[in-house]
Undergrad: 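What follows is a structure written as structure tokens; I'll ask about it next.
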Amino acid sequence: MTAALAAFGRHVARALVHVVPVLFGISLLVFLVVHFIPGDPAVIAAGLESSPEVVERIRTELGLDLPLQQQFWRFLSGAVQGDLGESIRTGRPVAQEIVERFPHTFRIALGGTLLAALLGLLVGVTAAVHHNRLWDNLIMVLTLVAVSTPSYWLALMLMLLFSLELGLLPSIGVGTPLHYVLPILTLGMQSAGLIARMTRSTMLEVLRQEYIRTARAKGLVEVVVVYKHALRNTLIPIVSLIGLRFGGLLAGTVLVESVFAIPGMGRMIVEAVLNRDFPLLQGSVLVVATVFVLTNLLVDLVYGVVDPRLRPA
Amino acid sequence: MLQRFRANTAAVGGATVIALFIAVAIVGPVLAPHDPLAQDLFSNYESSSWAHPLGTDHLGRDNLSRMIYGARVSLTISVTSVVLGLLIGMAIGLVAAYSRGIVDAFLMRVVDMLLAFPDILLAIAIIAVLGEGIINTIIAVVVYSVPQFARIVRGAALAVIETDFVSAGRALGASHPRLVLRHIVPNCLSPIVVHATIMLGTAILIASGLSFLGLGVQPPDPEWGAMLSKGRELLRSTPIAAVAPGVAITAVVLSFSIVGDGLRDALDPKLEREVR
């Protein structure tokens, strides 16, 4: 037990050694964004018609008058303590803006991930079981369409059908739980396609294994063979994909929130770019990327727990 | 290889759609019934008619003509950005795989960093720096694709470097460039070609997504994502204006994926049939 625990400890340590430089790197990149901009960032942030006094005030506020390494240190130590500066447009702390908007995004991304996982697994297993027959071919075509469809277009088509034609669901805004149905459906569809395709191919490999033949030879019902013996052994790579998708969907909300007018992080990022509100942009991009990296880390760790073969000896 | 590809009906279908798309992009001016930029404010927001099969937009421009010219814009962005992304990513991947050690570790950390920005986020950050427009959209897609190409090339190259013929070449005194360009690159081309094909579709998806948000191609240039964005205003009266660009994007992206898959099967006979 202690040996296993020590091995797991080493696994965690190794994962952290990998993650810390990446997190440091993304903070550096996000920080440098402002400095890559051609021209004077203070002028751009203040707006081209602003008076020199305003520009100087913004420059001091953003710390743009300090040496670069000092600026980065300020940015990094602030970020670690949850201080991401202030939005140029609203003047409010960026962290506060994010805290207010993140729940909307989180709900859609989580709902989308769950939907994608359930639908993807079910559809993928169905395709594998009916390998090379009508259902399989149909599912393969549909999943490929799902993967290739632009999310914002799917959003509009769902809106057209369910809100404008049938009048079943609200089209935009966030008032009620029903408002989340279409965004979640939109966001989940592409990932469902990916997960279904991966489930199918992993499942096909597993179904060819000896122990599946044994299970069938024992006279087990096909449902038990498929859903208990085979599915369990296909889950590991799929769980990892599902974890990865959550981070992807978090960023995917940029498009979906714009269509459904949801005041979440995604919409905020687009507004920040259009308004040249750099602190807001830096803060929100940093948060999304960090959540993405940490989700991947978590998936990595869960992997180690689920499959002992993956732990370093 | 070509035979195996031809036997794959889906892949041939996808290739046909792509050929059509390229043809429309090239001969667009001949096909388009109207000037895609010609405004006619007296006939804006028109629904489908013989004169304007897909209706007109908010400035009275012909949607069908804008779709046809949009193919050109999308194709230009997609091909340019994938070629550039491929070349830069390949250079990084080859240098990393060939030099190993600290150079490899450093380059791969940078790649990891870029891959840590999920989905369209990196492209948006690039636009935030450079501003909107066609050229900057291309740059954003290039930056999005470089780390992916670098990873794939590195992986493929590492496997090839270990083979006996590369060791033999080295033992015979082949120079580094010769080893890389004559022995390593030709033997890791198939995963690169497959990914590049799929990426041609992804590039269109990313670019049209940026344009939809108002961060990509700017008016008056016709672009499918931007047209969709305008089309949503008339979702109730002229749904075709929002439906058509979406169908076009989906069809093209789908075709590139199918052809990419088909190429994978054709280039790697070991994977053939059985696993498929």
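In what follows, every chain begins at residue 1, and chains take the letters A, B, ... in the order their sequences are listed.
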Undergrad: For the backbone of B:Gly216 and the side chain of B:Gln218, can you confirm whether one donor and one acceptor N or O come within less than 3.5 Å of each other?
TA: yes

Undergrad: Strictly less than 4.5 Å between heavy atoms, which residues of residues 140-148 of chain B line up against chain A? Please order them by number.
TA: none

Undergrad: At a 4.5 Å cut-off on heavy atoms, which part of B:Val252 comes close to chain A: side chain, backbone, both, or neither?
TA: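 Answer is neither: B:Val252 stays 4.5 Å or more from chain A.
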
Undergrad: Any residues in residues 188-198 of chain A near chain B, with a heavy-atom distance under 4.5 Å, and which are they?
TA: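 Within residues 188-198 of chain A, the residues that come under 4.5 Å of chain B (heavy atoms only) are A:Gln190, A:Arg197.
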
Undergrad: Would B:Glu132 and A:Arg276 pass as an ion pair if we require N to O under 4.0 Å?
TA: yes

Undergrad: In sequence, state the C-alpha distance, the side-chain angles, and the governing distance for A:Tyr152 and B:Ser229, and then conclude on side-chain hydrogen bond (donor to acceptor under 3.5 Å, both in side chains).
TA: CA-CA 9 Å; A:Tyr152 48 89; B:Ser229 181; over 6 Å; no

Undergrad: Tell me if a side-chain donor or acceptor on B:Trp224 pairs with a main-chain N or O of B:Gly246 at a distance below 3.5 Å.
TA: no

Undergrad: With sequence neighbours excluded, tell me which residues meet side chain to side chain contact (heavy atoms under 4.5 Å, CB included) with A:Asn275.
TA: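 Testing A:Asn275 for side chain to side chain contact (heavy atoms under 4.5 Å, CB included), a comparison that skips the adjacent residues, returns A:Arg89, A:Glu271, A:Asp277.
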
Undergrad: Side chains of residues 285-297 of chain A: which donor-acceptor pairs under 3.5 Å do they make with residues two or more places apart or in other chains?
TA:
unit_1, atom_1, unit_2, atom_2, d
A:Thr290, OG1, A:Leu286, O, 2.6
A:Thr295, OG1, A:Val291, O, 2.4

Undergrad: Measure B:Leu115 against the heavy atoms of chain A and call it side chain, backbone, both or neither at under 4.5 Å.
TA: backbone

Undergrad: Relative to chain B, which of A:Leu164, A:Leu274, A:Val22 shows the most heavy atom pairs under 4.5 Å?
TA: A:Leu164

Undergrad: Determine the option with the most heavy-atom pairs under 4.5 angstrom with chain A, choosing from B:Ile124, B:Val243, B:Ile249.
TA: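 Top option by heavy-atom pairs under 4.5 Å: B:Val243.
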
Undergrad: Per the side chain to side chain contact (heavy atoms under 4.5 Å, CB included) rule, which among B:Ile135, B:Val217, B:Val82 passes with B:Ile77?
TA: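 Among the candidates, only B:Val217 passes.
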
Undergrad: Check each of B:Leu215, B:Ile127, B:Leu205, B:Leu210 against B:Ile120 using the side chain to side chain contact (heavy atoms under 4.5 Å, CB included) test, and report the only one that passes.
TA: B:Leu210

Undergrad: Using a 3.5 Å distance criterion without hydrogens, assess whether the side chain of B:Ser74 forms a donor-acceptor pair with backbone atoms of B:Ala71.
TA: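 Pair absent, no side-chain N/O of B:Ser74 close to backbone of B:Ala71.
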
Undergrad: Less than 4.5 Å to any heavy atom of chain A: does that hold for the side chain of B:Val110, its backbone, both, or neither?
TA: neither

Undergrad: Looking at every heavy atom in both A:Val94 and A:Ser87, which two are closest together, and how far apart are they?
TA: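 Reported closest heavy-atom pair: CG2-N, 3.7 Å.
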
Undergrad: Looking at A:Leu281, A:Val30, A:Val259, A:Leu250, which makes the most heavy-atom pairs under 4.5 Å with chain B?
TA: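 Option with the top pair count is A:Val259.
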
